[in-house]
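Values in this document were obtained by computation on a predicted structure and should not be read as measured data.
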Amino acid sequence: MRVADLEPFTVHIAAPPIGLLQRCAACQFVLTDNTAWAEGRVAVMDGDDTGMSWWPAGERIATDKTGEQRASITYVVQAGRRLDDDERLCSGSN
């Protein structure tokens with residue numbers, strides 16, 4: 001498979017979390033859902049209470065899924081870095 005055959009990563013802007021969710025500030029895509037953690041359905045080692053996880057608000061976050069699907073690969077796109085050929089801004093960022 002060639003890189004050109006892969007779906008592009010969608011780059012979102014992390015909004016501050018509201019409740020258990022953190023969404024994209026531009027298109028409302030769910031970047032983080034901490035519902036399972038809040039309900040005690042996340043396995044952690046004894047004594048390891050890392051708490052809920054959030055992306056830093058305002059950061060560009062790339063995901064490999066769009067729409068209502070949950071992302072399986074996410075990463076921060078460093079500030080000032082141009083987008084790679086396989087990265088596209090979300091629909092709300094235009």
Side-chain angles (χ1 to χ4, degrees):
M1 178 177 290
R2 300 173 312 144
V3 172
D5 295 332
L6 299 175
E7 290 293 319
F9 286 86
T10 303
V11 178
H12 300 278
I13 307 299
I18 297 176
L20 299 173
L21 299 178
Q22 184 176 27
R23 296 180 178 271
C24 172
C27 73
Q28 301 303 305
F29 176 81
V30 175
L31 294 169
T32 305
D33 182 346
N34 281 298
T35 302
W37 184 89
E39 293 175 349
R41 295 185 286 125
V42 175
V44 295
M45 300 292 289
D46 285 338
D48 182 16
D49 184 13
T50 56
M52 291 189 241
S53 61
W54 306 109
W55 293 104
E59 291 286 347
R60 297 186 301 169
I61 309 300
T63 68
D64 66 338
K65 301 288 183 189
T66 58
E68 294 301 316
Q69 298 179 3
R70 295 289 186 256
S72 60
I73 297 174
T74 55
Y75 57 92
V76 174
V77 178
Q78 297 300 318
R81 178 173 78 73
R82 290 181 36 163
L83 297 183
D84 291 336
D85 290 341
D86 64 343
E87 297 171 329
R88 305 283 184 271
L89 291 174
C90 70
S91 60
S93 294
N94 296 332

Practice task
Decide whether Y75 and I13 are clustered together by the hydrophobic rule: side chain heavy atoms of Ile, Leu, Val, Met, Phe, Trp, Tyr closer than 4.5 Å, transitively.
Solution key: no

Fill in the blank from the handout: When every non-hydrogen atom of D64 is compared with those of F9, the smallest separation belongs to CB-CE2, 3.6 Å

Problem - Listed partners of S53 passing side-chain contact (heavy atoms from CB on, under 4.5 Å), at least two apart - result: T32, N34

Problem - Expected output: side-chain D84 to main-chain D86 donor-acceptor under 3.5 Å - result: no

Exercise for the section: Would you please name every residue forming a side-chain contact (heavy atoms from CB on, under 4.5 Å) with A26, sequence neighbours left out? Expected result: C24, C90, S93

Fill in the blank from the handout: Heavy atoms of G19 and W54 approach each other most closely as O-CH2, 3.6 Å

Practice task
Would you check, one step at a time, whether the test side-chain contact (heavy atoms from CB on, under 4.5 Å) holds for L31 with T63?
Solution key: CA-CA 8 Å; L31 294 169; T63 68; 4.0 Å; yes

Problem - Gap between atom CD1 of I61 and atom OG1 of T10 - 0.5 Å precision - result: 13.0 Å

Problem - Contacts of type side-chain contact (heavy atoms from CB on, under 4.5 Å), residue A15, not counting sequence neighbours - result: A25

Handout entry: salt bridge (charged side-chain N to carboxylate O under 4.0 Å, His left out) involving E87 - partner list, sequence neighbours excluded
Key = R81

Completion exercise
Separation between CD (Q78) and CZ (R60), nearest 0.5 Å, reads 9.0 Å

